[in-house]
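Notes follow the structure.
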Amino acid sequence: MTITRFAPSPTGYLHIGGLRTALFSWLWAKKNSGKFLLRIEDTDLSRNSEAALQAILEAFDWVGMSYDGEAIYQSKRFDLYKEYIEQLLEAGKAYKCYMSKEELDKLREEQMARGERPRYDGRYRDFDGTPPEGIEPVIRIKAPQEGNIIFKDGVKGEICIAATEVDDFVIARGDGTPTYNFVVAIDDALMGMTDVIRGDDHLYNTPKQIVIYEALGFALPNFYHVAMINNEQGKKLSKRDGATDVMDYKRLGYLPEALLNFLVRLGWSHGDQEIFSVEEMIRLFDPKNINKSSSSYNLDKLLWLNAHYIKNMPNKKLATLLKAYGVEVEGHDKLELLLDATKERGKTLVALAAQINLILNDPAEYEEKDTKKAFKGEAMNYLADFAEMLVGWEKPLHTPPEYHEVLDRFVNENGIGFGKIGQPLRVALLGSMTGSGLDEIMAIIGVEETVHRINKVLKLHTL
RNA sequence: GGCCCCUUCGUCUAGCGGUAAGGAUCCCAGGUUUUCAUCCUGGUUACAGGAGUUCGAGUCUCCUAGGGGUCACCA
């Protein structure tokens with residue numbers, strides 16, 4: 001069975017890049033009817049926050065991803081790690097190092113001064129003398145001192161790193177708490193991980209973890225290192241580049257399906273296909289199609305995807321979502337008409353909400369330029385006459401075509417072009433010259449409101 | 001700096017020794033639309049550079065350049 005995981009450290013919100021690796025892992029597990037597990041990497045007791053964990057779960061929930069079983073907290077497994085440390089110590093595969101921090105710093109300084117790479121010199125590797133007083137020793141793993149550590153990366157191919165690049169790194173601190181690379185290896189092995197999909201920045205941790213796997217006799221999982229997401233300038237993504245918190249995208253009016261679709265195409269592809277439902281992603285995803293190179297993101301495409309998903313979303317669902325953006329239209333009797341008339345114009349839920357508000361409320365202000373253009377010549381007279389025609393209309397007025405008939409008659413009777421009444425009417429109704437179709441707008445707000453908005457304009461412009 | 005990884009239109013990407021180097025987005029033009037948007041049609045733009053292997057290279061090898069990652073008692 002395929003088992004994957006997402007292993008965040010709870011130090012902040014869920015990053016957009018983190019969501020992508022989580023998505024890849026999740027998809028791969030789902031595709032193979034396997035399991036996707038969540039592990040919280042909180043071994044650094046001083047940096048954890050419960051709020052951060054909640055933020056991660058909230059983001060997962062928003063995009064519709066969920067993990068199997070219970071989340072595993074590394075901070076609750078210290079006893080377990082201790083056992084493995086003891087085991088390694090007894091087997092002579094790890095040892096206590098009594099070097100003080102000061103000594104280590106001094107060593108590094110000397111090495112740097114000589115132009116060497118700072119690394120532990122192994123001075124306690126085979127130590128059997130009397131330990132110095134007053135030092136709480138750290139535990140170091142005995143890493144191989146020669147040869148290469150070779151592993152097959154599912155994305156990058158074969159990776160070969162000289163053993164000399166990996167020194168006897170610390171697996172337990174002076175206070176006895178285990179360190180990152182050690183617990184990752186233990187937990188991935190114990191949790192039965194078959195496929196580890198993670199960021200490229202972990203590539204150099206892999207040989208270290210392999211040292212642990214081998215010392216403990218664990219079987220290696222498949223590793224996949226996904227290249228980073230950069231900003232448009234090709235630099236590391238930072239807060240200055242805009243939204244990096246997944247939940248920011250919700251606030252900005254993006255749909256989770258659009259975000260996932262955008263993310264899945266960042267570094268992964270399936271031929272020329274651009275649009276993927278979650279079901280399709282699950283069916284089609286395969287890490288062998290993950291791109292080797294890093295990608296930079298560009299919001300244009302996300303915006304296009306978002307517009308696509310908004311356009312194709314059932315109105316009822318849209319109405320529910322819109323509530324979070326200050327638009328309450330669920331009970332509106334012209335709901336279908338209202339959303340049909342607006343959803344092709346709003347690329348985000350925020351923009352859509354603004355469109356809807358524009359129709360539902362009489363204009364708070366009128367665009368100066370459009371006003372000048374539209375309210376000239378006979379415009380005011382036409383508007384007044386049109387309002388009159390609407391009020392005196394004897395046939396029912398509910399649907400757009402019924403309103404269209406009024407407009408038609410008006411144009412014919414006055415012998416004018418559509419623009420003569422259309423432009424002033426649009427500005428009167430919306431406050432600007434762009435927007436949804438007039439027939440639709442009138443059908444949505446009704447005769448009374450239409451006349452009200454016309455009169456408001458007449459009053460303003462006859463002063 | 002050492003080590004590792006990467007390099008096709010501005011951006012996301014297809015390509016898996018023989019293609020007029022394809023798609024998407026963006027941008028531009030035209031059409032549809034009373035406006036705007038949608039939609040449709042068309043267009044501009046790319047194999048980082050240099051050697052080599054080969055009848056033939058975006059695809060394989062090497063070098064150069066550029067970019068990224070990593071070198072903790074952080075994760």
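By convention in this document, chain letters (A, B, ...) are assigned in the order of the sequence lines, proteins followed by strands, and residues within each chain are numbered from 1.
For A/Phe6 and A/Phe60, the gap between ring centers is short of 6.0 Å.
A/Ser436 contributes a side-chain N or O that, together with a main-chain N or O of A/Ala341, makes up a donor-acceptor pair within less than 3.5 Å.
A salt bridge does not link A/Glu367 to A/Lys369: none of the charged nitrogens lies less than 4.0 Å from a carboxylate oxygen. Ion pairing between A/Glu440 and A/Arg345 fails under the 4.0 Å rule for side-chain N and carboxylate O. Salt bridge A/Glu405/A/Arg409: absent, no basic N to carboxylate O contact under 4.0 Å. No salt bridge links A/Asp370 with A/Arg426; every basic N to acidic carboxylate O contact stays at or beyond 4.0 Å. Taking 4.0 Å as the cut-off between side-chain N and carboxylate O, A/Arg140 and A/Asp167 do not count as a salt-bridged pair.
In the interface, the side chain of A/Glu116 is not paired with the base of B/G2 through any donor and acceptor atom under 3.5 Å apart. A/Lys292 contributes no side-chain N or O that forms a donor-acceptor pair with the base of B/C6 under 3.5 Å. Residue side chain A/Asp200 does not reach the base of B/G69 through any donor-acceptor N/O pair under 3.5 Å, judged by distance alone. If you check distances only, the side chain of A/Tyr204 does reach the base of B/C3 with a donor-acceptor pair under 3.5 Å. Residue A/Asn205 places a side-chain atom within donor-acceptor reach of the base of B/A75, judged by atom type and a 3.5 Å distance cut-off alone. For a distance-only test at 3.5 Å, the side chain of A/Arg345 fails to qualify as a donor-acceptor partner of the base of B/U38.
Rounded to whole Å, the C1' atom of B/U25 lies 13 Å from the corresponding atom of B/U45. Nucleotides B/U8 and B/C47, compared at atom P, are 10 Å apart to the nearest Å. B/G69 and B/A29 have their C1' atoms separated by 44 Å, with the value rounded to a whole Å. Nucleotides B/C63 and B/C5, compared at atom P, are 12 Å apart to the nearest Å. When the C1' atom is compared between B/G58 and B/G22, the two are found 13 Å apart, to the nearest whole Å. If you take atom P in B/A24 and the same atom in B/G42, they sit 10 Å apart, rounded to whole Å. Across the P atoms, B/U7 and B/U61 are found 12 Å apart, a figure rounded to whole Å.
When the side-chain nitrogen and oxygen atoms of A/Lys101 are compared with OP1 and OP2 of B/A72, none of them lie within a distance under 4.0 Å. Here A/Lys311 reaches the OP1 or OP2 of B/C39: one of its side-chain N or O atoms lies under 4.0 Å away. Taking side-chain N and O atoms only, A/Ser436 has no distance below 4.0 Å to OP1 or OP2 of B/A37. Between A/Ser295 and B/U13 there is a side-chain polar atom (N or O) within less than 4.0 angstrom of OP1 or OP2.
Across all strands shown, B/C39 forms a Watson-Crick or G-U wobble pair, both distances under 3.5 Å, with B/G31. For B/G18, the paired base is B/C55 (Watson-Crick or G-U wobble, both distances below 3.5 Å). Pair check for B/G1 finds B/C71; Watson-Crick or G-U wobble, both atom distances under 3.5 Å. Pair check for B/U7 finds B/A65; Watson-Crick or G-U wobble, both atom distances under 3.5 Å. Of all nucleotides present, none satisfies the Watson-Crick or G-U wobble test against B/U44 with each distance under 3.5 Å.
Atom NZ in A/Lys288 sits about 11 Å away from atom P in B/G15, given to the nearest Å. In this structure, A/Phe262 places its CZ atom 14 Å from P of B/U11, rounding to the nearest Å. A straight line from CD1 of A/Ile359 to C1' of B/A37 spans 12 Å, rounded to a whole angstrom. Nucleotide B/A75 holds its P atom 11 Å from the OH atom of A/Tyr81, rounded to whole Å. In this structure, the CG atom of A/Asn289 is 18 Å from the P atom of B/C12, given to the nearest Å. In this entry the distance linking CE of A/Met313 with C1' of B/U38 reads 17 Å, nearest Å.
Among the nucleotides B/U13, B/A75, B/C4, the one closest to the side chain of A/His202 is B/A75.
The 5' end of RNA chain B is approached more closely, in terms of each residue's nearest nucleotide, by A/Leu438 than by the other of A/Leu438 and A/Leu104.
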